[in-house]
Amino acid sequence: MFPFFVMNTKKSSKTSSPDVVLIGAGIMSATLGVLLKKLNPSITISVFERLDRVTAESSDPWNNAGTGHSAFCELNYTPQLADGSVETKKAIKIAESFEVSKEFWAYLVENGVIDSPDEFIHNIPHLSFVWGEENVEYLRKRYKALTSHHLFHGMEYTEDKDKIQSWIPLVMNGRDASEKVAATRMELGTDVNFGALTKAMFNYLEKQDGVNLFLNYEVDDLSRKKDNSWLIEVKDRATKKESKITTKFVFIGAGGGSLPLLEKSNIPEGKGFGGFPVSGQWLVCNKPEIIERHQAKVYGKASVGSPPMSVPHLDTRIIDGKKALLFGPYAGFSTKFLKNGSYLDLPLSIKLNNIKPMLAAGLHNIPLTKYLIDQVRQSPQDRLEALKDYFPEAKLEDWDLETAGQRVQVIKKDKKAGGVLEFGTEMVTAADGSLAALLGASPGASTAVSIMLELIHKCFAEAKSPEWQREFKKIIPSFGKSLSKEKDLAAKTRAWTTEVLHLSASRLEEEVTA
Ligand SMILES: Cc1cc2nc3c(=O)[nH]c(=O)nc-3n(C[C@H](O)[C@H](O)[C@H](O)COP(=O)(O)OP(=O)(O)OC[C@H]3O[C@@H](n4cnc5c(N)ncnc54)[C@H](O)[C@@H]3O)c2cc1C
């Protein structure tokens, strides 16, 4: 037997060959683990996390922006087309996906997996704010296009400065009065502490028979055995002792660490992928009086040449019961794939099978590279100037600079261009369904539930069985139907999740003043 299994006091004897291995203890593994355990209570699962706590990388609340991405305020989800119209397809998909996430979380609350929704989700209005004639015109068109769909009903639009002032005084005070501005506001927006949610899911998983969580254990290698199961090589980071286990299914949910592990798996479906790391920083407000004066997530337009995920936003956050105010992220470049990673991550990920797509993506994205270099070279004064676009009266001494999580954008083979840089999430699965890996970072944690449901359908034959289908419907009441196509169902579902997750507008006031 393997030495590290001695540390298990309870639990199953099947830990040397669990049914499932989850690599990484972030929100993706947590979501998949809980779903699988609910679908099949006798399943055995081992989770390996290289750090000494769960949710220490991207899923940590200070490493991500905590926006429940519903496409209410994120302008990069609604591009303007060549004919001037605004494309809403992606926005509708993301909005629907977030509703599915809320259904799952409401189910977790109703079934006692999570004690209270106040631990991880809060109602914070989502606003888009723009200035300048062209941007105002775009926002007006976007509002019209989106509100024709029921998932965006309730969105408000205005060019009236007094109204915007009442919504977001920090953004309007001290602003040039002659400037043309516009804003949309969606009351139903959310701030999500994905770290607290992940922790709650792991707390639940740890109490289940047959589930083992190993902290400080790094997966070094994985290879396919003759019988198509997987041999996983794990190192105890404290003692440096190596162990091997076998499993029928492995999920590489290692965030930025997923690409190197996918490469090691050697599956043909994983060939040709590369990664482009983008680091980030926030300004975190240190003045309670200022934090109190803002109650919104305000997203603007990305500047020309910048990557979509670096759209600046001024965000109210609720982290561990305390209100906070963050601005950013300021993007940057580092060759690390994880915040706690190594500078060798990027060079070591370059292989014969991905060098061509990586070079091609590099050549096609020179403005991005230039943008990132400029961002890295920003002085504190430059950062203040960017903040002043959203908070004209900002003073540098009221803000501290903090490092955000690391994102690894996906580089993919492309027939025409040789290689393309993608800003979304990419799920790679082995043809026989015995391995799945998640690459990329956006829209990320908000859509974890839909992504994991898709993964289960791709990799587990039981997903089609009447038993699992019945369970899916219990866990996600709208399962098998479309919230983007069925207006009444969407309204009913939203009413239920709003109630269970305490997302009605007045709730936060009560909580924060309590
Ligand atoms: C700056 C920033 C802002 C973001 N904002 C938002 C937002 O507003 N809304 C939103 O929905 N999403 C947002 N995201 C995306 C979101 O944070 C991620 O999509 C999500 O947290 C990814 O979860 P994960 O479980 O895949 O990865 P992670 O949370 O990173 O977890 C992966 C884990 O794997 C571990 N690991 C790595 N390699 C190994 C190994 N070899 N062996 C064992 N363990 C390993 C790591 O230590 C880590 O704990 C943001 C991300 C960033 C960086």
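FYI, the numbering just counts along the sequence from 1. Remember, it's 1-based here, ligands and their atoms both numbered in the order they're listed.
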Sub-4.0 Å heavy-atom contact, Gly66 with ligand 1: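 Judged by the 4.0 Å heavy-atom criterion, Gly66 does count as contacting ligand 1.
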Hey, does Gly253 sit under 4.0 Å from ligand 1 if you only count heavy atoms?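 Within the 4.0 Å threshold, so yes.
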Which protein heavy atom lies closest to [atom], and at what distance to 0.1 Å?
atom: atom 7 (C) of ligand 1; value: His69 NE2, 3.3 Å
atom: atom 19 (O) of ligand 1; value: Gly444 CA, 3.1 Å
atom: atom 31 (O) of ligand 1; value: Gly26 CA, 3.5 Å
atom: atom 50 (C) of ligand 1; value: Asn64 CB, 3.4 Å
atom: atom 5 (N) of ligand 1; value: Ala65 N, 3.0 Å
atom: atom 16 (C) of ligand 1; value: Ala445 N, 3.8 Å
atom: atom 15 (C) of ligand 1; value: Ala441 O, 3.3 Å
atom: atom 27 (O) of ligand 1; value: Gly255 CA, 3.6 Å

Numbering the atoms of ligand 1 from 1, which are under 4.0 Å from a heavy atom of [X]?
X: Met28; answer: 23 (O), 24 (P), 25 (O), 26 (O)
X: Arg50; answer: 36 (N), 37 (C), 38 (N), 39 (C), 43 (C), 44 (N), 45 (C), 47 (O)
X: Asn63; answer: 1 (C), 2 (C), 52 (C), 53 (C)
X: Leu261; answer: 41 (N)
X: Tyr217; answer: 43 (C)
X: Leu51; answer: 47 (O)
X: Thr67; answer: 7 (C), 8 (O), 9 (N), 10 (C), 11 (O)
X: Gly24; answer: 33 (C), 34 (O), 35 (C), 44 (N)

Under 3.5 Å, N or O to N or O, is [X] touching ligand 1 that way?
X: Leu438; answer: no
X: Ser446; answer: yes
X: Arg407; answer: no
X: Ser58; answer: yes
X: Ile27; answer: yes
X: Ser59; answer: yes
X: Val219; answer: yes

Residues, nucleotides or ligands: over 12 heavy atoms within 6.0 Å of [X] [atom1]:
X: Lys264; atom1: NZ; answer: yes
X: Lys339; atom1: NZ; answer: yes
X: Lys89; atom1: NZ; answer: no

Start with the C-alpha gap between Glu187 and Asn123, add the side-chain angles, then the distance that decides, and say whether side chain to side chain contact (heavy atoms under 4.5 Å, CB included) holds. CA-CA 8 Å; Glu187 179 71 49; Asn123 166 236; 3.7 Å; yes
With no hydrogens and no angle check, is any side-chain donor or acceptor of His294 less than 3.5 Å from a backbone partner on Ile168?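 No; zero donor-acceptor contacts below 3.5 Å.
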Tell me whether Lys37 contacts the main-chain N or O of Ile43 through its side chain, where contact means a donor paired with an acceptor under 3.5 Å.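 Indeed, once roles are kept as given, a pair shorter than 3.5 Å links the two residues.
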So, do Phe98 and Trp105 have ring centers that fall under 6.0 Å from each other?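 Ring centroids of Phe98 and Trp105 are less than 6.0 Å from each other.
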What's the separation between atom CG in Asp60 and atom CG in Leu51, rounded to the nearest 0.5 Å?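 So the gap between those two atoms works out to 10.5 Å.
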Is Ala254 touching ligand 1 with its side chain, its backbone, both, or neither, if touching means heavy atoms under 4.0 Å apart?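 Both of them.
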Side chain, backbone, both or neither: which part of Ile23 has a heavy atom under 4.0 Å from ligand 1?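 It is the side chain that gets close, since no backbone atom is under 4.0 Å.
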Where the closest heavy atom to atom 47 (O) of ligand 1 is concerned, which of Arg53, Glu49, Gln281 has it?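 It is Glu49 whose heavy atom sits nearest to atom 47 (O) of ligand 1.
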Between [X] and [Y], does any side-chain N to carboxylate O distance fall below 4.0 Å?
X: Asp236; Y: Lys241; answer: no
X: Glu242; Y: Lys244; answer: no
X: Asp19; Y: Lys248; answer: yes

By the definition side-chain contact (heavy atoms from CB on, under 4.5 Å), identify the one residue from Leu438, Leu222, Val428 that meets it with Ile252.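 Between Ile252 and the candidates, side-chain contact (heavy atoms from CB on, under 4.5 Å) is satisfied uniquely by Leu222.
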How are the rings of [X] and [Y] set relative to one another: parallel (under 30°), tilted (30 to 60°) or perpendicular (over 60°)?
X: Phe72; Y: Phe152; result: perpendicular
X: Phe214; Y: Phe48; result: parallel
X: Tyr390; Y: Phe327; result: tilted
X: His457; Y: Phe479; result: parallel

